[in-house]
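The structure under discussion appears below in the form of structure tokens.
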Number of protein chains: 4
Amino acid sequence: MKISFESRATQQQQAAVQNLIEQRGGRIVTEYSEEQRHLGIIAPQEAELLDAALLMPGVAAGQLIKAAARFASTEFKSTPSAVPVGSDAIGGDAFVVMAGPCSVESTEQMRLSAEAVAGAGAKLLRGGAFKPRTSPYDFQGMGEAGLLIMREAADEFGLGVVTEVMAAEDVALVAAYADLVQVGARNMQNFSLLKALGPCGKPILLKRGLSASIQELLMAAEYLVAHGSPGVVLCERGIRTFETATRNTCDISAVPVLAERTHFPVVVDPSHAAGKRSLVPALSKAAVAAGAAGLIIEAHPDPDRSVSDAAQTLSLETFGSLMKVLEPYVRLRDEERAQMGVATLA
Amino acid sequence: MKISFESRATQQQQAAVQNLIEQRGGRIVTEYSEEQRHLGIIAPQEAELLDAALLMPGVAAGQLIKAAARFASTEFKSTPSAVPVGSDAIGGDAFVVMAGPCSVESTEQMRLSAEAVAGAGAKLLRGGAFKPRTSPYDFQGMGEAGLLIMREAADEFGLGVVTEVMAAEDVALVAAYADLVQVGARNMQNFSLLKALGPCGKPILLKRGLSASIQELLMAAEYLVAHGSPGVVLCERGIRTFETATRNTCDISAVPVLAERTHFPVVVDPSHAAGKRSLVPALSKAAVAAGAAGLIIEAHPDPDRSVSDAAQTLSLETFGSLMKVLEPYVRLRDEERAQMGVATLA
Amino acid sequence: MKISFESRATQQQQAAVQNLIEQRGGRIVTEYSEEQRHLGIIAPQEAELLDAALLMPGVAAGQLIKAAARFASTEFKSTPSAVPVGSDAIGGDAFVVMAGPCSVESTEQMRLSAEAVAGAGAKLLRGGAFKPRTSPYDFQGMGEAGLLIMREAADEFGLGVVTEVMAAEDVALVAAYADLVQVGARNMQNFSLLKALGPCGKPILLKRGLSASIQELLMAAEYLVAHGSPGVVLCERGIRTFETATRNTCDISAVPVLAERTHFPVVVDPSHAAGKRSLVPALSKAAVAAGAAGLIIEAHPDPDRSVSDAAQTLSLETFGSLMKVLEPYVRLRDEERAQMGVATLA
Amino acid sequence: MKISFESRATQQQQAAVQNLIEQRGGRIVTEYSEEQRHLGIIAPQEAELLDAALLMPGVAAGQLIKAAARFASTEFKSTPSAVPVGSDAIGGDAFVVMAGPCSVESTEQMRLSAEAVAGAGAKLLRGGAFKPRTSPYDFQGMGEAGLLIMREAADEFGLGVVTEVMAAEDVALVAAYADLVQVGARNMQNFSLLKALGPCGKPILLKRGLSASIQELLMAAEYLVAHGSPGVVLCERGIRTFETATRNTCDISAVPVLAERTHFPVVVDPSHAAGKRSLVPALSKAAVAAGAAGLIIEAHPDPDRSVSDAAQTLSLETFGSLMKVLEPYVRLRDEERAQMGVATLA
């Protein structure tokens with residue numbers, strides 16, 4: 001359920017409502033402010049609690065929430081949310097590009113990557129230190145050493161860091177290095193991991209599972225919110241279908257569908273969706289045009305020597321060219337965006 | 001196989017090569033001219049025929065073709081083809097929008113539609129006179145009466161006509177009224193219909209089957225070419241996947257994948273892909289950005305009273321607004337397009 | 001809607017009801033008899049017609065039908081139907097196996113096949129004279145010459161003939177040679193073909209489309225019934241999914257799901273479902289156990305020289321062994337079957 | 001790679017080979033004995049190590065392994081493996097049925113369930129104490145209290161326990177109570193969990209992911225083996241497709257495909273595959289006939305009051321009837337099985 005205070009509600013009035021919520025066994029799961037302060041609440045007897053709260057001074061309005069993904073839904077918050085990520089925000093005025101190699105391999109590789117992607121206009125450096133590999137005999141990532149390399153490279157060139165965590169026991173470690181902590185497609189419904197990530201203090205990049213419905217993606221986001229997450233960035237990265245011309249099928253419709261259902265921003269990963277580098281530019285342009293808040297793209301100093309995902313990885317030069325090609329599309333997007341209201345998440 | 005004449009090859013030299021082809025039991029399936037004249041040939045012993053042809057005066061080059069979709073492939077013709085459709089061309093300089101109701105219902109409905117879509121910048125009027133319906137008890141279309149209504153409405157407002165044919169026995173009838181004859185998704189591998197359509201003299205709009213691979217779509221186009229079709233426009237209209245938030249999943253990657261594999265243009269049908277009108281604008285913008293040559297959109301004077309596909313149909317006003325929203329995207333596309341060479345199909 | 005006569009209703013009473021139906025603009029689409037005579041009717045104002053009919057002498061009961069696939073549904077006829085096919089019946093007491101090569105290639109090949117499959121206990125000979133091929137340059141079938149070869153081979157060994165028709169214009173030809181006329185997966189929603197097949201006088205083997213839902217398969221059967229078909233045999237032949245270890249995914253659940261929804265029998269095609277001959281025995285056993293009424297299996301005198309579908313085709317010897325392996329499963333099925341009532345279709 | 005000792009190889013000879021392996025930086029990942037002792041080895045330079053080993057006394061044979069799922073493959077071990085589970089074995093002579101409620105709810109519920117399923121012939125009691133739920137607000141399971149209830153109920157009626165673990169941190173706890181530890185479909189590629197499970201000492205029931213290919217399922221099994229697992233039971237539980245008549249599509253072909261590729265046994269979960277209780281009997285029979293080593297079925301004292309998966313859960317009475325229906329199919333399976341060699345895993 002949701003309770004909205006009057007904009008002039010006093011601290012005391014607000015505290016009284018919070019007391020009521022606690023007395024009735026409820027808890028405030030999340031909140032945001034736009035002129036007014038709005039609370040997202042879970043409680044055992046919500047209808048009764050709502051009736052009681054609406055009678056209290058300082059309460060302007062309230063409602064039960066029918067959407068299954070309660071606090072991720074536009075029913076709870078109808079304006080798009082900008083999720084703060086390091087010194088930037090995803091879902092706000094600026095279109096945000098994240099780029100870098102699939103795997104962290106060396107200091108040199110990450111410095112070259114960071115320099116190039118920062119120069120081209122990216123805001124976050126991507127790279128995997130913990131890698132989900134189909135075979136137990138493939139390279140599993142550099143672990144903490146990789147995180148350190150990536151952090152230093154990012155810092156040197158003024159970038160944020162986005163990187164994947166695969167295990168609940170690594171959450172604190174990864175959150176210490178990353179500005180945006182990634183949940184990979186294979187872990188989208190690893191509910192233990194989602195529960196561990198909620199309270200980690202960093203926003204989450206939640207990649208859609210290979211065969212997850214859009215609604216299941218939202219429910220996974222709701223797990224994060226329900227467990228304390230400050231913000232979620234959803235990522236369409238291609239779904240599994242019968243088509244084999246591409247590694248996955250980029251479900252571009254997910255971008256506008258999610259915009260109708262959730263206030264959280266959506267980014268697109270054209271690299272994993274396509275699985276083939278020649279298709280990345282067209283998919284990137286389509287993603288901007290469809291309303292994505294950003295892109296996450298694989299780029300490497302020497303793609304054909306990449307230890308993973310070589311076929312879909314751009315060279316740093318091509319990435320630079322792509323950013324130029326995207327510019328006019330981003331400008332169009334910015335003009336359309338300027339006509340919408342966006343509220344930064346509490 | 002392919003044989004290319006020298007640009008100064010004489011009529012006599014060309015006739016001699018054609019004689020050779022016939023003597024060896026081959027036939028010229030298709031041809032095109034770009035400075036030089038190029039022949040697409042099927043023959044029983046292609047390697048031998050090629051060797052013999054290469055020795056003849058006036059022949060500049062030749063090659064066997066490995067692509068399964070031989071004459072639809074970029075291996076046969078590497079430059080994009082503009083397919084003439086009425087007084088326009090799809091795949092050429094201009095981005096072409098086709099719009100109108102799902103089904104032809106009345107003269108009034110089609111006149112209103114034609115006036116509005118022409119005014120908004122569409123080039124072809126769409127509408128179904130023969131309708132493929134899941135239930136035998138649903139409205140099956142107005143038949144020839146519908147074709148006549150549509151033709152008159154289109155002519156009054158300077159539009160071309162695109163409409164579906166479902167049966168080989170109706171090909172001549174539909175081809176007499178239409179500028180572009182549509183093969184629906186359910187008939188993409190109705191090989192009897194494809195064979196009947198090849199020689200009908202009109203270009204074909206070939207919609208991708210609900211679970212057809214991109215390669216199968218190309219092979220269906222090849223059926224048309226092999227049977228004499230003057231030109232094919234491919235249409236991505238959404239594929240069937242597990243996702244239920246949309247009627248189908250718009251496989252936006254099909255646009256750049258097809259651009260790599262075939263010289264024929266590709267258009268997108270965002271209405272059938274989405275199945276929901278609120279998603280049509282985002283998908284339309286994405287399609288332009290991904291490199292589509294055009295769009296086919298369902299629009300109706302009174303969408304909620306449409307006899308079919310109401311949920312995905314735009315009002316004529318919304319269609320007009322959408323065309324305005326698309327303008328800057330089309331301009332970007334035109335600028336990028338101006339840097340590529342395009343050759344009109346023979 | 002459905003109207004059921006009393007078992008002692010006179011000819012005159014029945015004729016009066018038929019008159020009423022005609023006067024109200026209705027028509028009798030299908031009928032069956034089990035003690036009583038039951039009519040399946042389509043009419044413009046069904047509720048009113050039903051009210052009027054229920055007042056007439058000789059009418060025992062009546063009901064509107066809610067199922068979309070009206071006369072194919074168990075709502076119309078709750079007992080399983082046995083569909084007469086030549087001198088046999090599918091869906092009745094006997095489990096019916098159809099077997100033979102993918103394509104008719106020669107008299108010798110079909111005689112050898114017919115002799116072997118008849119000897120092993122099959123009741124119908126399968127073989128394609130008109131072949132739906134992905135490429136226009138592949139072998140398209142022997143046409144009528146193939147039909148003649150197949151008919152003669154079948155007759156010599158006391159078998160029925162099941163073979164595919166691809167075009168409305170060939171329906172009369174194929175129906176003249178075949179006991180069971182097959183609609184291929186790619187044509188399941190070729191509604192023009194279905195309409196042409198309804199009145200052909202022969203029962204239809206309707207194969208499920210590659211991405212057709214079970215409900216769409218039923219609606220296609222309803223097209224046949226609505227257009228006069230005497231009986232339909234449904235065929236699960238594998239659907240298209242992401243899995244590539246098999247050519248298609250055998251949706252074994254379709255067998256019990258269809259048994260709940262339709263009175264028509266369901267057979268399974270393990271050859272096309274698997275696409276690999278080593279998997280055919282396991283799928284065949286599973287199909288019998290799941291409740292299928294029969295199987296259609298590809299077998300060839302020299303599978304590796306088959307002009308089509310070699311990988312999934314059994315040798316005639318292996319087919320014979322398979323039939324022996326299936327025997328105890330068929331006996332179990334027969335025992336379970338003996339406890340159910342089955343009515344032969346009118 | 002694989003090294004096979006002569007059956008009369010001495011302890012000393014075997015130790016010498018093990019020393020060589022260690023010197024070369026390799027490790028013995030797994031082993032089994034069938035007359036001879038066979039080692040499964042991972043090493044940096046396998047070709048060289050193999051050459052060296054083949055020269056040593058007591059070594060009978062050796063080979064590099066090409067299959068990606070090395071030690072799970074039939075290339076490593078061509079005979080089917082029986083996996084010991086409590087006092088039973090899955091994949092051996094006996095067909096093993098596991099049954100019980102979706103979630104552990106109470107002592108009474110589990111006692112009733114255990115009594116009934118044991119009486120009907122099941123060997124393991126199933127039930128979830130840690131539940132993967134799509135919504136964070138749904139019942140998440142009783143945790144350790146549930147494990148204790150299940151263990152006591154199982155012990156009282158002589159059953160083993162199979163139950164799911166969702167988090168690496170719970171592995172030791174769950175392994176202490178369970179005879180067979182389940183990895184759910186959503187965690188099939190939770191590689192951190194697989195790594196934690198390898199050394200837990202208990203065999204694993206690995207459920208196929210909703211959109212996991214058969215090959216990916218095998219690779220997940222290989223993760224377990226590579227990390228020390230004593231045995232893996234694979235479970236086909238339905239995959240995600242476009243079909244909505246069933247909750248998932250039971251990929252029955254996975255049973256024979258896996259039998260060709262891996263020595264580990266395969267069981268089928270008809271309850272989750274169908275999502276509808278009326279379909280469970282047909283799918284169960286099909287699974288036995290297709291060659292499954294067992295079944296895992298949801299049954300509950302009062303299915304309609306089940307806290308989860310009510311629609312697909314059988315009553316205990318119906319489960320009892322189903323077991324009787326399955327008997328003749330299991331007998332047929334046993335007869336076929338008796339003609340194959342099966343070796344218990346080391």
Side-chain angles (χ1 to χ4, degrees), chain A residues 208-218 236 238-261 266 268 270 273-292 325-333 335-336, chain B residues 208-218 236 238-261 266 268 270 273-292 325-333 335-336:
Chain A
R208 181 178 181 184
L210 274 77
S211 69
S213 69
I214 292 173
Q215 188 58 28
E216 288 170 340
L217 174 60
L218 273 190
E236 164 61 34
I239 56 173
R240 188 162 272 189
T241 70
F242 63 82
E243 178 59 67
T244 55
T246 44
R247 182 170 170 184
N248 297 288
T249 295
C250 181
D251 183 8
I252 196 73
S253 313
V255 178
V257 169
L258 284 166
E260 293 182 349
R261 295 196 190 173
V266 185
V268 171
K276 195 178 165 197
R277 68 180 74 132
S278 65
L279 304 177
V280 171
L283 292 188
S284 298
K285 292 194 280 182
V288 181
V325 168
L326 292 179
E327 262 174 35
Y329 292 91
V330 171
R331 264 200 303 277
L332 282 183
R333 177 256 180 209
E335 289 163 20
E336 294 180 9
Chain B
R208 182 178 181 185
L210 274 75
S211 69
S213 69
I214 292 173
Q215 188 58 29
E216 288 170 340
L217 173 60
L218 273 190
E236 164 60 35
I239 57 173
R240 187 163 272 189
T241 71
F242 63 83
E243 178 58 68
T244 55
T246 44
R247 180 169 171 186
N248 297 287
T249 295
C250 182
D251 183 8
I252 196 73
S253 312
V255 178
V257 168
L258 284 166
E260 292 182 350
R261 296 194 189 175
V266 185
V268 171
K276 195 179 164 197
R277 67 180 76 131
S278 65
L279 304 176
V280 170
L283 291 188
S284 298
K285 292 194 279 181
V288 181
V325 167
L326 291 179
E327 262 175 36
Y329 291 90
V330 170
R331 264 200 303 277
L332 283 182
R333 177 255 181 212
E335 289 162 21
E336 294 180 10

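Just so we're on the same page: letters track the sequence lines, and every chain starts at 1.
- The greatest number of non-hydrogen atom pairs below 4.5 Å with chain A, out of E335(B), R261(B), K276(B), K285(B), is found for K285(B).
- Heavy atoms closer than 4.5 Å to chain B are found in the side chain of T246(A), but not in its backbone.
- In this structure, chain A has heavy atoms under 4.5 Å from both the backbone and the side chain of S278(B).
- Taking each heavy atom of Y329(A) and R333(B) in turn, the nearest pair found is OH-N, 4.5 Å.
- Neither the backbone nor the side chain of A274(B) comes within less than 4.5 Å of any heavy atom of chain A.
- Residues passing the side-chain hydrogen bond (donor to acceptor under 3.5 Å, both in side chains) test with E327(B), sequence neighbours excluded: none.
- Residue S211(B) touches chain A through both its backbone and its side chain, counting heavy-atom pairs closer than 4.5 Å.
- Within the 4.5 Å cutoff, no side-chain heavy atoms of T249(B) are placed close to those of T241(A).
- Evaluation of the side-chain hydrogen bond (donor to acceptor under 3.5 Å, both in side chains) rule for R208(A) yields E236(A), D251(A), E243(B) as partners, not counting sequence neighbours.
- When every heavy atom of C250(A) is checked against every heavy atom of I252(B), the shortest pair comes out as O-CG2, 4.2 Å.
- The minimum heavy-atom distance linking S253(B) with L283(A) is given by the pair OG-CD2, 3.6 Å.
- A heavy-atom distance below 4.5 Å is found between the side chains of E260(A) and L279(B).
- Residue with the most contacts toward chain A among A212(B), S284(B), G238(B): A212(B) (heavy-atom pairs, distance under 4.5 Å).
- Interface summary for chain B: among V255(A), I239(A), T244(A), the most heavy-atom pairs under 4.5 angstrom belong to I239(A).
- Contact count versus chain B (heavy atoms, under 4.5 Å) is highest, among P270(A), A289(A), P281(A), for A289(A).
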